[in-house]
Structures are given as C-alpha cells and as structure tokens.
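Structure first, then comments.
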Amino acid sequence: MAAGNVFEDIYEVVCLIPEGRVTSYGAIARYLGIKSARMVGWAMNGLTGEKNVPAHRVVNSAGILSGASAFHPENPMHKRLEAEGVTVKDNKVQNFKTVFWDPAAEL
DNA sequence: ACCGTGACGTGTC
DNA sequence: TGACACGCCACGG
C-alpha cells in the first residue's frame with residue numbers, strides 16, 4: 001500500500017478482509033503504521049454505506065461491533081456477519097480469535 | 001487558532 | 001473481557 005492518504009490504505013485493507021472473517025482497528029492501524037487506532041475508526045466513519053468497503057467486518061479488540069448503530073439500523077452489522085458465517089452475540093463476535101483476520105498475516 | 005468529540009487501544013483493578 | 005483512566009490524531013464549529 002503506497003498511498004499518501006492513510007484512509008486509502010484503510011479502505012484497501014478492509015476490502016481485503018475475506019468473508020466470514022473480521023479484523024480489529026488496532027490490527028489495521030498497526031499494519032499501516034498508524035499511531036492511533038482511532039484514526040481507523042474515523043476513516044470508517046466516512047465509509048458508512050458510502051463506499052463499497054465491508055466496514056461491518058471491522059470490530060474492536062474485544063470483538064464488539066462498535067459502530068453497529070452507525071451502520072444500517074435496518075440492516076445491522078451482526079446480521080451481515082452471521083450471514084457470512086461469523087457468529088455474533090449481542091453485538092459481540094463469538095469465536096473472535098477464530099474468525100479474526102490479520103492483514104499482516106496475509107502479507 | 002482553540003476546543004470538543006469520536007466506529008479505539010493498552011494498562012491496571 | 002467486567003470497569004476506569006490516559007493517550008492519541010483528525011475534523012467541525
């Protein structure tokens with residue numbers, strides 16, 4: 001990823017997340033060399049339905065769908081994740097360690 | 001230019 | 001992964 005804007009890199013990484021897999025803000029931030037994972041969240045803030053990026057596959061370190069409310073109220077993230085094979089309970093990803101996908105692990 | 005705020009992370013209890 | 005505090009960066013008002 002050799003993009004001037006970190007946002008572009010984030011979009012790329014999130015778009016590379018396989019179905020049935022999730023990743024954490026910290027993993028993306030660390031992989032891109034960002035200091036604060038918050039910046040990743042800010043990037044996501046612009047993705048909310050505007051981009052073709054599966055932001056619903058991005059959760060926090062606890063496996064919680066932090067931005068579930070910021071997504072599609074009628075089409076919750078957890079429903080999409082479950083549809084892809086990810087078990088979600090109360091906005092929390094079950095078997096998080098199993099479905100966790102590390103961008104650095106692929107590259 | 002200042003301040004508040006936000007889809008977070010890590011350390012500690 | 002219960003809760004609390006601190007750090008961190010970007011953007012809008």
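Numbered from 1 within each chain, the chains take letters A, B, ... in sequence-line order.
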Handout entry: Gap between atoms CZ and C1', on A/Arg30 and B/dG9 respectively (whole Å)
Key =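 Rounded to whole Å, this separation is 10 Å.
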Practice task
May I ask you to say what A/Ala29 touches in the nucleic acid, namely base, sugar-phosphate or nothing, with a heavy-atom cut-off under 4.0 Å?
Solution key: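 A/Ala29: no heavy atom of the nucleic acid under 4.0 Å.
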Exercise for the section: Give A/Asn60 one of three labels, base, sugar-phosphate or nothing, depending on what nucleic acid heavy atoms sit under 4.0 Å from its own. Expected result: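 Sugar-phosphate only.
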Exercise for the section: Check whether any side-chain heavy atom of A/Lys89 sits under 4.5 Å from a side-chain heavy atom of A/His78, and report yes or no. Expected result: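 Not in contact.
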Handout entry: Non-hydrogen side-chain atoms of A/Pro54 and A/Val14 separated by less than 4.5 Å
Key =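 When only atoms from C-beta onward are counted, A/Val14 and A/Pro54 do touch, with a gap below 4.5 Å.
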Exercise for the section: Check whether A/Trp101 and A/Ile28 end up in the same hydrophobic cluster, where Ile, Leu, Val, Met, Phe, Trp and Tyr are linked by side-chain heavy atoms less than 4.5 Å apart. Expected result: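 Yes, same cluster.
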Handout entry: Side-chain ion pair, A/Arg57 and A/Glu84, N-O less than 4.0 Å
Key =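 So A/Arg57 pairs with A/Glu84 through a salt bridge.
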Problem - By ring-ring contact (aromatic ring centres under 6.0 Å, His included) - contacts of A/Phe96 (at least two apart) - result: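 Testing A/Phe96 for ring-ring contact (aromatic ring centres under 6.0 Å, His included), a comparison that skips the adjacent residues, returns A/Phe100.
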Handout entry: Pairwise 5' ranking along DNA chain B for A/Gly26 and A/Met39, keeping only the more 5' one
Key =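 Comparing both residues, the 5'-ward one is A/Met39.
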Handout entry: 5' to 3' contact window, DNA chain C with chain A (heavy-atom distance under 4.0 Å)
Key =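 Footprint of chain A along DNA chain C, 5' to 3': C/dT1 to C/dA10.
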Handout entry: Distance-minimising heavy-atom pair for A/Val40 and A/Ile10
Key =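 The pair with the smallest heavy-atom distance is CA-CD1, 3.7 Å.
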